[in-house]
Every structure is written in structure tokens, then in C-alpha cells.
Amino acid sequence: MKKEIMRIGLVLSFLLFAISCSDFDEINENPSAFTSDEVSAKYFVTETQIRLYAPDRYPYWRAQLIHWDRFAGQFCFGFNGSWWDDSLSYNYNSGYTDAAFDYLSGYVTSLSAFLNFVKEGGELENQNFYAIGLIMKGLYYQTYTDVFGMVPYSEALNPDIITPVYDSQATIYQGVINELDEAMEIIGSSTETGEGVELLSDNDLFFGGDLQQWKKLANTLKLRMALRAQGAPGADFANAAISEAMSADLLVAETDNALMEKDTEISQWSNAAYGDVWHNFGVGSNWTVGKTLVDYLQSNNDPRLPMYAQPIDGGEVVFTQPAEGEGATLFTKHVDFILAQLDNAGVSYTRADGANGDGLPTVTINVATDTPYYVGQPTRLNGLIYTHVKEALFSRPAELIINAKNQGKDIFPEIVFTAAEGNFLQAEAIVKGLAAGDAQTLYQNGIRQAMKIWGVDDAAIETFLTTEDMALLDGSAEENLEKISIQRWIAAYTDGSEAWAIVRDSGYPSELSAGVSDYDLYSAGTLNGAYPQRMRYGTAAYNTNGTNTEAANSAQGADMQGTVLWFAQ
């Protein structure tokens, strides 16, 4: 009896914590109504999902928005009126880095608690929930190691080890793939986690408890990681894993998408969205959509453009030469650069050169407001040009992305894993000669599924697929791989960590991976113009596990943003 009371108390403690962080259907139940026969691991699944994909506002802003989305070249800070120029995060900042590191490194606590509950001999033993936990572990570690490189893995979930060793990325990748295989074997042909209170349904925000969908997710993640590892030093396991994954079920159809709906009612300190940053801090924290992304969409007549971004405000904009300093010397170059972005986007405007009341040179433009124009902001602009980067001239994210919570407005869901990705990965494997199949059909189905997520109608999708060169794998192997990588990157919009990993792994879009060199316009940062390859470890890594952190630096390379990670070598 004492053991049973302790068991219920421990479970309900975690349950109350989970309930405090979510009010999804059937989670806000009265905990006093639970008996020992009603306690189930299903009540921890929601919390495990939310903490990884929609944490509270602090890491959502500082990890995802300040770093990953911007390293991916998809969002930019630095228009005039923003709190920062767009060198933010390219210039290392320990406070922002610590927030990202603490968020990812801290998630292992929730994951470990769940796995220890449901494993064999655990207080809530259930092999199907254990399989789900292993797949969540795989999703977590793929992000964690792709951001920082070597991290604690083999000893991380052992409660008796306080200072776990850091494992190589090769070890982590192979270990995760092995655990995904274990999860798929456990699931087998099962479709449900159990009966009665053991039945997982609404508590699962990915698949509503459908184990076969979880199995597809595991296999598609296996394919992603094996393809990313393929060709890296010591990745002898990759080819076999690719072959195995290609011969099993993958996420490929519209019903296969793992998209986590945003809760629009609960606190931003439990489940955050972009709107929690956008609307809570005024214009200073707002951001724009990156030039590279807008250019690819616009130049290829991609119907996702108005789903991704808003037209510019336009109207009258005045550029004024600074009174002194380097900005005064570079005034003409800076204004010409900004106007070149408008020209590139086909914007119609008039120009008048003059002077203000102090005799300082001015350039006044008037942009027509009767036509919707989309202009992306160049990534990584520096503080010298900041004054001339006018908000009215660059596209904001679509309202669906930045809508405020608790207002009854739709908000785009969190991307966990998509059917588009499942198709693109197969096409990539075939083009690389690692598998057999019809790469063109898979590639086009990937585009089709990626567009459907954003509500593009079928007619517009088919027009794109039949008329645009971007929809055809009609070039050399390298040219076809570039197209696949670009489409994967476009489809990962709002999934910044994955979009950034795609650029580092593939080298595409090349205009991002090449870094910057014109420091009159762009920020060199602490990277000396190079593209960021990883994030630095947080202060906590040195304070709590310093010896092993330094050992990782010795093995992997200096703890700098420019150190190339194993999978990108």
C-alpha cells in the first residue's frame, strides 16, 4: 500500500506540472479524481512534446528567433527602429547563447523522467510509451547535437552520473538510429498504446496516439540523420541505415504531417509562439523576412510567397546622410544598396535628391502602394547601414506566423516533421545513388506536400509543378541536389534549427553558406564574415561539467561559432 501511495503521489506531481503547462483537450481534468487504476504515462506525453517544440517565450525568442531562424537566413533584425542591427548573434553574446544552451541541455530532465517512468520496471511501465519516448529522444538529440556538436548522450540519462562525458556526433547519430530501430521494433504492427487509461489519444499533439504514424516518424528521422551523416568521417553505418529506411514506411502523404497545433489560450510562459515576441515589445523586437527566401519564392513564381510574407508598406521614405563619421562617407553606397533591393524585387518608385534643413544630403523615394510588392531584407546587415534600412521597404512575416495568442486568431503550427521532408529525403538518396526510385516524382510530391501545409490551392500547386524549372530535376546530379536542398530549406520555414542544418550540410543556398565579405554593408561578427557552423556551449556547461566540456573542445575544435561540425565536413 505504501508503495502504491508513493507511486500515485509521484505521478500526480508530474501530472499537475504538465497540466499547469497546457490546457489541451482532456488534460485539464481534476487530479483529485484519479485513482491508481487511472494513472497513466499518457499524461506526460503532452508536456514532453511542448517543452521541446514550444517552450516558454524566453528560449523561444533567444534560441529560435535570435539564432536559428536568422542563421538560416529566413528572418532578419536590423531595420531602423529595431533594437538591434542584424549583426546580433553573429557577434557572440553569452546571455543569448546561454538561453539557447540552457533550453536544450535542460530538456534532458523531462525526457529522462518520462523514459524512466515507462521503461521496463518503471513505475508506469509501458513498452509502447517507451517507444514514443525513444523517438522523442531521437528528435531531441538530432537538434541538440546539430546545434552544439558534441554533447552528453551515452551517460546523460544516468541519474547516478552528475558530470556525463560528451559523445562524438558519430556516436550520437549511430546511437539515435539504433534507438529508433528499437522503437520501431517495439511498435511492430500495433496501432494503440493500450486500453482504457493506457490509450493515448488527445494527449498526443503529433498523431493523436496512432503508433503507426510514430513508426513512420521514427523511420523518416532515421533517413534524415543517415543522409546527413553519409560521407562524414566514421559514418560507416549511414549507407545501411539509408537502405533500411528507404525500404520501410515513411512520412509521405498529407495525413502524415507531424504539426503541433499552437495553444492559443494558455500563458506564453508555458507554450510560446512568435506572436509572444512580436506583440509584447513594440516595434523594437519586430523582424523581417530574409532576402534569400523572398528572392527564391519570387523568382520562381512560388505561390507560398503571400503565405510566408506580407507586402511592404511602401509610401514616402527619406534617407538622410549622417553628419559625420564612416556612415557619412558611405551614404551613397548605402542608399544605392537599399534601392538595389527594390529594383531586384521589381518595385516601382520615384526618387528625388535634395537636402534637409541642416544642409545634409537626402534621398526621398515614393513607393507605389496600389501594388503588393515583396522585398526581403539582406541577411547580416551591419550597424553602419542600420539607419537606412527602413521598415516600410521590407516584408514582415505573414500574420499567420506572428498573430497574437489569446485573440481567437489562427497561428501556424509548430513543424515537427513533414510529409514534404519524407519525399525530399527519398529524392536526395536516389540522386546521390544511394537508393533506387523515381526522384522526380518524389521531389514534386515533396513540393506539393510542402505547399499544402500553407494552404496553397491545388490548381496553383499544379501550375507551379508544370511550368517552373525549379520543379524539375533536369540538371546534373549536383544541380538536382541543389534544388532538393533549396526546397527542403524553403519547406523548413519557421523550423529554424533544421533550416540552418540544411544550409550547413548541403552548402545551399550558397549565398548564405558563403558568408559575407563587404563590411561596408555586412557584419563580420566574431566569425570574420564566415557562416555560423554551430553555437558555443553555454556558461553552465563550464560551471557544472567543465572538465568534460574542455575535453569536447579538444576533440571537436575550439568552442567558437565557426568550428565546422562533423556532419558538415
Side-chain angles (χ1 to χ4, degrees), residues 16-30 43 45-66 69 74-75 201-209 254-255 257-289 303-313 372 374 391 395-418 449-458 460 491-496:
L16 285 169
F17 177 69
I19 291 171
S20 73
C21 296
S22 175
D23 69 347
F24 289 96
D25 291 342
E26 296 189 12
I27 296 177
N28 276 341
E29 299 185 33
N30 180 6
Y43 297 113
V45 172
T46 308
E47 174 68 12
T48 306
Q49 294 171 331
I50 288 175
R51 282 299 169 199
L52 184 57
Y53 285 98
D56 67 68
R57 190 187 76 200
Y58 189 75
Y60 200 91
W61 183 0
R62 296 188 172 215
Q64 184 161 326
L65 180 55
I66 286 181
D69 288 325
Q74 297 183 339
F75 288 151
S201 54
D202 291 342
N203 300 82
D204 174 12
L205 306 180
F206 296 177
F207 297 122
E254 188 173 358
T255 54
N257 289 310
L259 302 173
M260 195 176 83
E261 182 180 349
K262 303 296 294 186
D263 188 295
T264 58
E265 298 178 4
I266 63 176
S267 168
Q268 62 194 304
W269 299 112
S270 299
N271 180 213
Y274 283 121
D276 294 321
V277 178
W278 186 274
H279 294 282
N280 284 350
F281 297 95
V283 70
S285 66
N286 292 357
W287 60 93
T288 56
V289 183
R304 285 171 289 188
L305 179 58
M307 282 76 171
Y308 278 25
Q310 299 181 52
I312 65 173
D313 291 343
Y374 295 87
E391 184 181 15
S395 291
R396 305 179 185 95
E399 290 184 354
L400 181 65
I401 299 167
I402 57 174
N403 272 337
K405 289 175 59 175
N406 311 331
Q407 303 299 313
K409 297 179 179 180
D410 290 337
I411 299 175
F412 188 71
E414 293 291 334
I415 293 176
V416 177
F417 222 113
T418 65
Q449 296 302 331
M451 290 184 175
K452 281 180 175 291
I453 290 173
W454 289 90
V456 179
D457 65 72
D458 291 341
Y493 185 51
T494 71
D495 183 10

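Note that the structure is predicted; figures quoted are calculated from it, not measured. The analysis underlying the following values was restricted to heavy atoms, covering all of them including side chains, and did not include hydrogens, waters or symmetry mates.
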Item checked: Pairing residues for Tyr308 by the ring-ring contact (aromatic ring centres under 6.0 Å, His included) criterion, not counting sequence neighbours -> Trp454, Tyr493
Checklist line | Carboxylate-amine/guanidinium contact Arg396 Glu391, below 4.0 Å | finding: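 Between Glu391 and Arg396 there is a salt bridge, with a charged N closer than 4.0 Å to a carboxylate O.
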Checklist line | Salt-bridge contact Asp458-Lys452 (side-chain N to carboxylate O under 4.0 Å) | finding: yes
Next item on the list: Kindly determine whether Phe75 and Thr288 satisfy side-chain contact (heavy atoms from CB on, under 4.5 Å), including the steps that lead there.
Entry: CA-CA 6 Å; Phe75 288 151; Thr288 56; over 6 Å; no
Quick one: closest heavy-atom pair of [X] and [Y], and the distance?
X      : Y      : value
Gln49  : Leu205 : OE1-N, 2.8 Å
Met260 : Ala54  : CE-CB, 3.7 Å
Pro55  : Leu52  : CD-O, 4.3 Å
Phe207 : Ala258 : CZ-CB, 3.6 Å
Lys405 : Asp263 : CE-O, 3.1 Å
Asp495 : Ile415 : OD2-CG2, 4.0 Å

Using a 3.5 Å distance criterion without hydrogens, assess whether the side chain of [X] forms a donor-acceptor pair with backbone atoms of [Y].
X      : Y      : value
Asp276 : Ala273 : yes
Ser285 : Val277 : yes
Asp69  : Gly496 : yes
Thr46  : Asn203 : yes
Ser395 : Gln310 : yes

Which distance, rounded to the nearest 0.5 Å, do you find between the [atom1] of [X] and the [atom2] of [Y]?
X      : Y      : atom1 : atom2 : answer
His279 : Gln268 : NE2   : CD    : 11.5 Å
Asp56  : Ser270 : CG    : OG    : 8.0 Å
Lys409 : Ile402 : NZ    : CD1   : 9.5 Å

Notebook entry, point to check: Just wondering, do Leu259 and Thr418 contact through their side chains at under 4.5 Å, heavy atoms?
Noted result: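 Contact flag for Thr418/Leu259 side chains = yes.
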Checklist line | Residues Thr494, Glu414; criterion side-chain contact (heavy atoms from CB on, under 4.5 Å); working and verdict | finding: CA-CA 8 Å; Thr494 71; Glu414 293 291 334; over 6 Å; no
Note to self: Quiz question: by atom type and distance under 3.5 Å, do the side chains of Asn257 and Gln449 form a donor-acceptor pair?
What the structure shows: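 No, no side-chain donor-acceptor contact under 3.5 Å.
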Check: Among side-chain atoms of Tyr274 and Gln64, is any donor-acceptor pair under 3.5 angstrom?
Finding: yes
Next item on the list: Verify the neighbour count for atom CG of Asn406: are there more than 12 heavy atoms of other residues, nucleotides or ligands below 6.0 Å?
Entry: yes
Notebook entry, point to check: Would you say Glu399 has more than 12 foreign heavy atoms packed within less than 6.0 Å of its CD?
Noted result: no
Item checked: Pair Trp61-Phe281, ring-ring contact (aromatic ring centres under 6.0 Å, His included): steps then yes or no -> CA-CA 12 Å; Trp61 183 0; Phe281 297 95; 4.5 Å; yes
Check: Which residue, Asn286, Asn403, Ile401, Val283, forms the side-chain contact (heavy atoms from CB on, under 4.5 Å) with Trp278?
Finding: Asn286
Margin query: If you apply the rule side-chain contact (heavy atoms from CB on, under 4.5 Å), what do you find for Asn280 with Arg57, and how did you get there?
Written below: CA-CA 10 Å; Asn280 284 350; Arg57 190 187 76 200; 3.2 Å; yes
Check: Stepwise, does the side-chain contact (heavy atoms from CB on, under 4.5 Å) test hold for Phe412 with Met307?
Finding: CA-CA 10 Å; Phe412 188 71; Met307 282 76 171; over 6 Å; no
